[in-house]
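Please read the structure below before turning to the comments.
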Amino acid sequence: MSESELLLKVRDLQIEGRSDEIWNPIINGASFDLKKGEVMGLIGESGAGKSTMGLAAMGYTRDGCRISGGTVEFDGIDLVNAPAAVKRSLLGKRIAYVAQSAAASFNPAHRLIDQHTEAPVQHKVSSKSDSEADGIELYRKLRLPNPDEIGFRYPHQVSGGQLQRAMTAMAMACRPDLIIFDEPTTALDVTTQIEVLASIREIVEEFDTAAIYITHDLAVVAQMADKIKVMLKGDEVEEAETREMLSTPKEDYTKSLWAVRSFQRPQKPAVHTSATPVISVQNVTAAYGKVSVLHDVSFDLHEGRTVAVVGESGSGKSTTARCITGLLPPKQGHIEYDGEILPLDYRKRSKTQLRQAQMIYQMADTALNPRKTIGELIGRPVQFYMGLTGKQKRRRVDQLLEEIELEPDTYYSRLPSELSGGQKQRIGIARALAAEPKFIICDEVTSALDQLVAEGILKLLAKLQDELGLTYMFITHDLATVKSIADEVVVMKDGRVVEQGPKHDMFKPPHHAYTDLLLSSVPEMDPDWLTNLLNERGVDNIGDAAVGKM
Amino acid sequence: MASILRIIAQRLALGLLTLFVVSIVIFTAVNLLPGDFAQAILGQGATPEAIEAIRNDLGLNDPPLTRYMQWLGGAIQGDLGNSFAQANFASFAGTDTGSGLASVASQVAPRFENTMFLAGVTAMIAVPIAVTLGVLAALYRNSIFDRAANVMTLSSISSPEFFMAYVLILFLAVLNPILPSLSNIYEGMDFSERLTKTLLPALTLTLVVTAHMMRMTRAAIINLLASPYIEMARLKGISPMRVIVKHALPNALAPIINVIALNLAYLITGVVVVEVVFVYPGIGQLFVDSVKIRDIPVVQACCLIFAAAYILLNLMADILSIISNPRLRHPK
């Protein structure tokens, strides 16, 4: 590689973060090179230090972090020791950043176009009006709807996927040499993700921009990157060309990442048609105030089965769960439990009725009271529903902790903040089990977790189902999860059930056009997947555009 | 836009309702005050007949509900009644001519105008200083400047108002005779003289109210500095000053506006000590004097004005906070 082609040179980069007055290492020496126009994928679990490293490549560290060793050289400029003013003159102009959540990273107080033109005007790259015109041109290139007009809206008036593309346009405003993409599609639905991926790839190729693409999704990185670097807990694991990495990973950790999606439950035999379902949702119509969100939703959940409810955000999955638990009384229709009609409002249900349906939440972080110990968190429902106290209660909590594979003596008196994400989610499961329910609603329980950890949770849920004969309603937008654990699938769109049936039928054609779109939008590990899909569907016929045409 | 107008109308209606409730509270509280006007004005040696005559004359012997309804009915029509103290007690001597009654409005109006003038001058000085200091303190947070600004504003708010007043008099009127220490303004004074005379009390009050507003500005801005959009602005290479002023401040306006409104309300209702020190003829002094001699109509009028000031300023703060939020200004 000739010196002139080299854009970014990182050598033995070490970063420390401060907690409780002590500096702890976050990155323990990472090195890589990036050529002009090259795209590097940076993957690893959360906490691996990917974002920290992406920011450090810009010479930036968050409050409470510092670069403690190594060098970052951008086009011959030492970013570690450069004065703040020199760094500022590069940021936004030659190095740009695309954040994970565009909704949070656009300033709510200003129009999109004003935020777009800020960097070019402040860096004196172009005038406000020129940069505005260029912004509209970029919006057009990124296939945003109404490119002439969309920039004059405020962030809250634009959807998440569109914001993410507007942010990519903003990063392009000064035609930088390098863009850091920090999980730009993680918060998006699969159909929206495709659009954003296609736009990013196209525009990066067109302007020959180098990029670091940070993600925890292997299939996504396979579409975007020329080479891939794998990180684990602040250490480099390996780095290789994308195709080579996918076909012949060398390290065990990389291989385990590649193998994650292997978990697959055997399909259970079909339910006897005359069997009484545990939960039966019958013609439920519900609304928040005047906005109706569910229209005539019906499906059954049979004992010992897992029903996956899939659909994009806003399709009414969680609202259905709220209707079943009685948090949102439906306007029409009703819920049956074991053939008996449940009162619509949870306040009118008996303790036994309440006990039978439990929930596990997406964000274990916010669902657990941070001031209560694990023993108290699990002990509370044990006492409330089962009436156990004293030694009996303690024994039951210990037993529950054993069921979720956490050592009771070690974890009983810990606080949630002392647990990892996966362990917190296990506590959420134990808390649901404490009521000894027949039926558990799992609301996106694995979507905030890394793939390896998520797989552990899925295996645990499967084991508990076999042991206790539990019935699960599994809300998810991740079709890979559906494939691995569901018995039956319900597909929802705009508050309606568009298709339902046993899993093996759903994953086999022919199915409803929307199901088809969802299925084909899930990225695959094949580096040519996105290219092939775009050729097949045509660039104007992906994602939201395709959904809109239905 | 229609939704904003609806919210404003709702708040306005709520404000009127609050004012009505407050009027009941005021009337009840004033009537619970021990002693009465007749007793106070005639002194220890008054005969019971004389007291009774004055009480009858002023309608003090009517049942409370009747008196409340009369007062409220008048107040709604803009008539706050007649001052007891300024009344000519001719009826007591049996020669009532009906003349010589001074209306509460004519008593309160000039004082209220003076108070508004003082509050206005103070606000013109204090609000820009407080917001600028707050922005700078947020920009240079944890620096010497930040700490110095915090210590100074906190010590000025912690000292009694009269003490700050005397310190200012000492330095600006006695040792360096720049400003007059007496603020005895009167009607017909020209504006510049009036302003000069008002400056010392205004400066004293500035010292009292700046700390709150400055600290809230600083806190509201710093609160936002961890937001992703602030990080984004920094990563666009925007200068620190612009990050604070352009990106943080517009999103921090709501709490700042609310604290400013609260302090302005204080400037209208709570400055009697400063008025006394500088002999400033404001509404605070009138209020205290009226309580002393049990001049109930004036006391009630003052209370009502104070309540209205609080409600109106908070209402304005609410409306401005709503307007500062782009989600409400530009609905989906």
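Note that this is a predicted model, so its numbers are computed, not measured.
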Rounded at 0.5 Å granularity, tell me how far [atom1] in [X] sits from [atom2] in [Y].
{"X": "Leu55(A)", "Y": "Arg234(B)", "atom1": "CG", "atom2": "CZ", "result": "12.0 Å"}
{"X": "Ser101(A)", "Y": "Met232(B)", "atom1": "OG", "atom2": "CE", "result": "11.5 Å"}
{"X": "Glu231(B)", "Y": "Asp63(A)", "atom1": "CD", "atom2": "CG", "result": "9.0 Å"}

Quiz item: Is it the side chain or the backbone of Arg242(B) that comes within 4.5 Å of chain A heavy atoms, both, or neither?
Solution: side chain
Quiz item: Heavy-atom distance under 4.5 Å to chain A: side chain of Ser324(B), backbone, both or neither?
Solution: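 No part of it gets close to chain A.
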Practice problem: Evaluate whether atom NZ of Lys246(B) has more than 12 neighbouring non-hydrogen atoms of other residues, nucleotides or ligands under 6.0 angstrom away. | Solution: no
Quiz item: Heavy-atom count around Tyr288(A) OH within 6.0 Å, excluding the residue itself: above 12?
Solution: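 Enclosed: over 12 neighbouring heavy atoms sit under 6.0 Å from OH of Tyr288(A).
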Quiz prompt | chain A contacts, top residue of Asn325(B), Ile238(B), Leu253(B) (heavy-atom pairs, under 4.5 Å) | solution = Ile238(B)
Quiz item: Looking at Pro228(B), Ala226(B), Ser239(B), which makes the most heavy-atom pairs under 4.5 Å with chain A?
Solution: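 Ranked by contacts with chain A, first place is Pro228(B).
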Quiz item: Taking only residues two or more places apart in sequence, or in another chain, which ones meet Tyr60(A) in a ring-ring contact (aromatic ring centres under 6.0 Å, His included)?
Solution: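 Tyr60(A): no ring-ring contact (aromatic ring centres under 6.0 Å, His included) contacts found.
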Self-check item: Pairwise side-chain contact, Pro240(B) with Arg88(A), heavy-atom cut-off 4.5 Å (strictly under)
Solution: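 They are in side-chain contact.
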Self-check item: Note, Lys236(B) side chain near Met170(A) side chain (heavy atom, < 4.5 Å)
Solution: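 Touching, per the 4.5 Å side-chain cut-off.
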Self-check item: Pairs touching residues 217-251 of chain B that satisfy ring-ring contact (aromatic ring centres under 6.0 Å, His included), sequence neighbours left out
Solution: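 The answer is His110(A)-His247(B).
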Exercise. Could you have a look at Cys174(A), Pro108(A), Gly92(A), Pro155(A) and say which one has the most heavy-atom pairs with chain B under 4.5 angstrom?
Key: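 Answer, by heavy-atom pair count under 4.5 Å with chain B: Pro108(A).
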Quiz item: Do you know which of Met58(A), Gln115(A), Glu118(A), Met167(A) has the most heavy-atom pairs with chain B at a distance under 4.5 angstrom?
Solution: Glu118(A)
Practice problem: Can you check whether anything in residues 122-132 of chain A gets within less than 4.5 Å of chain B, heavy-atom wise, and list it by number? | Solution: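 Within residues 122-132 of chain A, the residues that come under 4.5 Å of chain B (heavy atoms only) are Gln122(A), His123(A).
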Heavy-atom distances under 4.5 Å only: say whether [X] touches chain B with side chain, backbone, both or neither.
{"X": "Ala104(A)", "value": "both"}
{"X": "Arg111(A)", "value": "side chain"}
{"X": "Tyr154(A)", "value": "side chain"}

Quiz item: Between Pro326(B) and Ala109(A), what is the shortest heavy-atom contact and its length?
Solution: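 Minimum heavy-atom separation between Pro326(B) and Ala109(A): CG-CA, 3.8 Å.
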Self-check item: Qualifying residues under side chain to side chain donor-acceptor pair (under 3.5 Å), relative to Arg18(A), sequence neighbours excluded
Solution: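 Counting only residues at least two positions away or on another chain, Arg18(A) forms no side chain to side chain donor-acceptor pair (under 3.5 Å).
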